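Reviewing the structure listed below.
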There are 2 protein chains.
Amino acid sequence: MLNSKNMENKEKQNKEQQILTAAEQEFLAKGYDGARTTSIAKAAGVTHAMLHYYFRTKEQLFERIVDSKFSLMAQSMISAFGNPNHSIVERIRGGIGLHFDFIADNPQLPLFVINEIISRPERYDILYSRMRGIVDSVYANLQRDIDLAAERGEIERIDARMLFISIMSLNIFTFIAYPFMEPIMGELMADREAFLEARKAENIATIMCRIKAKE
Amino acid sequence: MLNSKNMENKEKQNKEQQILTAAEQEFLAKGYDGARTTSIAKAAGVTHAMLHYYFRTKEQLFERIVDSKFSLMAQSMISAFGNPNHSIVERIRGGIGLHFDFIADNPQLPLFVINEIISRPERYDILYSRMRGIVDSVYANLQRDIDLAAERGEIERIDARMLFISIMSLNIFTFIAYPFMEPIMGELMADREAFLEARKAENIATIMCRIKAKE
DNA sequence: CTTTGCATTAACAGAATTGTTAAACAACTT
DNA sequence: AAGTTGTTTAACAATTCTGTTAATGCAAAG
């Protein structure tokens, strides 16, 4: 009896999960307005009534996706602050690499999050207030390390928030603008893997230069 | 009679223009899928039948907007290559500034263009082939100047395309991610004008560092 | 003054899309 | 076997949105 209940739950989780997976694809690729519940259901291999049975409305299904994606995005941003136990230069270099790799694994994520925040800013007020505390403390910690290293003459003194924006810019734009840049970049972007490796190195080099760290 | 014909044309152009202006706002803010022809007509102060009378379909109206916006985007990108008559350092510094100011005047432009290209890549094949020639030659010209200056020891040798991507990243991301960054950046972004000035300076400093130019 | 041609409106039509419901079904319990 | 519970389906309902059409208005030209 436990067995059969489990089976049932697994089956249910399967369908629910299939819908969630299909919804994730559709919403990430087309956004809320462009997504169609019927094509999500079709991609998941269920009738569209099932989608409503499990998730009630398109809105609620979307919220499930959006919440998980926003968490992922926050997580990736935290990773960009690097490991506080390393030296400041290694910390920043490592942070850039971690963040770049994270975005490379989730290339649709930033644009999705940005578009959603722009079209419905209200929803994120709560999320922001939660996130802000974390970011503020990690940032203050980074700023302190930067100031200390600057006093020792190891690096240039710089505003940690500005540095953070620069890192986000360099790492994220590469993926947001990929389809935009690719046709006008010739062979440089022909081999995606090779280009991404070169681009990551370039971003690290650029930020290392900016803080006047020796390579 | 000429007078009255002119009046008529002006009147007509007024309505057409009002629709175009309203459509531009709506499409830039919400994208093709999110935009509603009825709300464009309402914002323009005409019945929605008039919108169809002048532009036939939503698609055709959208194409008018998209074409003009894509031209603007191309123009802004060309401006980032700077003035070839200046020294290489001044050329790049000036190019970044021009491009930044251009985007600051059209902050919704990049995201609109990127979203549109992602959701309908086909349409841009022709536009790309036209643009690619121009970009290629301007890029080759820049690369030559960089190589010459590098041989003279004035700057670091660097791939002009990589440099271009970095400039685009730093300048464009600031505006794409503005609503995303603003809540977690505290006072730094409180005064928009002041922040944009500081950000422009930061982007220039970052690129100048990268090419090892003395400030 | 009537005709001609474009502009304008209101009402309508069609399609797509989201959401609901009632009935059938399947598995398990008693 | 009858009942219970949650799942699934097919058909339907309602709305929203795009696009059309037929009638009306209106100014200029003959």
Side-chain angles (χ1 to χ4, degrees), chain A residues 1-66 116 119-120 123, chain B residues 1-66 116 119-120 123:
Chain A
M1 109 190 149
L2 246 172
N3 229 333
S4 62
K5 257 255 147 72
N6 270 350
M7 287 282 284
E8 202 180 65
N9 277 344
K10 260 181 204 167
E11 284 299 318
K12 175 176 173 172
Q13 281 188 351
N14 259 345
K15 288 229 163 174
E16 229 181 291
Q17 194 52 51
Q18 279 164 22
I19 296 172
L20 276 173
T21 305
E24 181 176 315
Q25 283 232 135
E26 178 95 357
F27 283 130
L28 278 176
K30 305 186 182 173
Y32 182 83
D33 292 325
R36 296 288 166 249
T37 53
T38 47
S39 74
I40 291 172
K42 197 176 171 185
V46 302
T47 64
H48 88 276
M50 286 309 294
L51 183 146
H52 288 288
Y53 175 72
Y54 282 113
F55 299 98
R56 203 70 189 166
T57 66
K58 179 183 183 183
E59 183 69 30
Q60 276 182 50
L61 177 56
F62 183 68
E63 252 165 59
R64 286 280 291 267
I65 305 298
V66 133
E116 179 50 26
S119 57
R120 316 194 188 191
R123 182 182 294 167
Chain B
M1 107 186 151
L2 248 173
N3 229 335
S4 61
K5 250 253 139 87
N6 271 351
M7 286 283 283
E8 200 180 67
N9 278 343
K10 261 181 203 166
E11 284 301 317
K12 175 175 170 173
Q13 281 189 349
N14 258 345
K15 288 229 161 173
E16 229 180 291
Q17 194 51 52
Q18 280 165 21
I19 295 172
L20 277 172
T21 304
E24 182 178 314
Q25 285 232 134
E26 178 95 357
F27 283 131
L28 279 176
K30 306 187 182 174
Y32 182 82
D33 291 326
R36 295 290 167 248
T37 53
T38 47
S39 75
I40 291 173
K42 197 176 171 186
V46 304
T47 65
H48 88 276
M50 287 309 295
L51 183 147
H52 288 288
Y53 176 72
Y54 281 114
F55 298 98
R56 204 68 192 167
T57 65
K58 179 184 184 182
E59 183 70 28
Q60 276 182 49
L61 176 56
F62 183 67
E63 253 166 56
R64 286 281 293 269
I65 304 298
V66 133
E116 180 49 27
S119 57
R120 314 194 190 194
R123 183 182 294 165

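Small disclaimer: the values here were computed from a predicted structure and weren't measured. Throughout, a chain's letter reflects where its sequence line sits, starting with A, and its residues are numbered from 1.
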> To the nearest Å, how far apart are A:Phe55 CZ and D:dT8 P?
Replying inline: 12 Å
>> To check you understand the geometry: which heavy-atom pair defines the closest contact between A:Arg123 and A:Val66, and what is its length?
In response: NH1-CG1, 3.9 Å
>> Tell me the interatomic distance from B:Glu59, atom CD, to D:dC17, atom C1', rounded to whole angstroms.
In response: 15 Å
>> From C-beta outward on B:Tyr54, which listed nucleotide comes closest to its side chain: D:dT7, C:dA7, D:dT18?
In response: C:dA7
>> How many whole angstroms separate atom CG of B:Leu51 from atom P of C:dT8?
In response: 13 Å
>> Quick check: closest heavy atoms across A:Phe55 and A:Gln60, and the distance to 0.1 Å?
In response: O-CB, 3.4 Å
> B:Tyr53 or A:Tyr53: which one's nearest nucleotide on DNA chain C is closer to the 5' end?
Replying inline: B:Tyr53
> From C:dT20, D:dT8, D:dT20, pick the nucleotide closest to the side chain of A:Met50?
Replying inline: D:dT8
> Could B:Glu63 and B:Arg120 be called an ion pair, given the rule that one side-chain N must be under 4.0 Å from one carboxylate O?
Replying inline: no
> Over how many whole Å does the gap from B:Asp33 atom CG to D:dC17 atom P extend?
Replying inline: 13 Å
> Is any side-chain nitrogen or oxygen of B:Thr47 closer than 4.0 Å to OP1 or OP2 of C:dT9?
Replying inline: yes
> Within this structure, what is the NZ-to-P distance between B:Lys15 and C:dC6, rounded to whole angstrom?
Replying inline: 18 Å
> Which heavy atom in B:Ile19 sits nearest to a heavy atom in B:Leu51, and how many Å separate them?
Replying inline: CD1-CA, 4.0 Å
> How many Å lie between CZ on B:Arg56 and C1' on D:dT18, as a whole number?
Replying inline: 12 Å
>> What's A:Ala41 touching, base or sugar-phosphate or nothing? Going by heavy atoms closer than 4.0 Å.
In response: nothing
> Is the distance from OP1 or OP2 of D:dT18 to the nearest side-chain N or O of B:Thr37 less than 4.0 Å?
Replying inline: yes
> Which nucleotide in the list D:dT18, C:dT9, C:dG19 gets nearest to the side chain of B:Ala49?
Replying inline: C:dT9
> Between A:His52 and A:Thr57, which heavy-atom pair has the shortest distance, and what is it?
Replying inline: ND1-CA, 4.3 Å
>> Does A:Thr38 reach a base, just sugar-phosphate, or nothing at all? Heavy atoms under 4.0 Å.
In response: base
> CZ of B:Arg36 versus P of C:dA16: gap in Å, rounded?
Replying inline: 15 Å
>> Could you tell me how far apart A:His52 (NE2) and D:dT15 (P) are, to the nearest whole angstrom?
In response: 16 Å
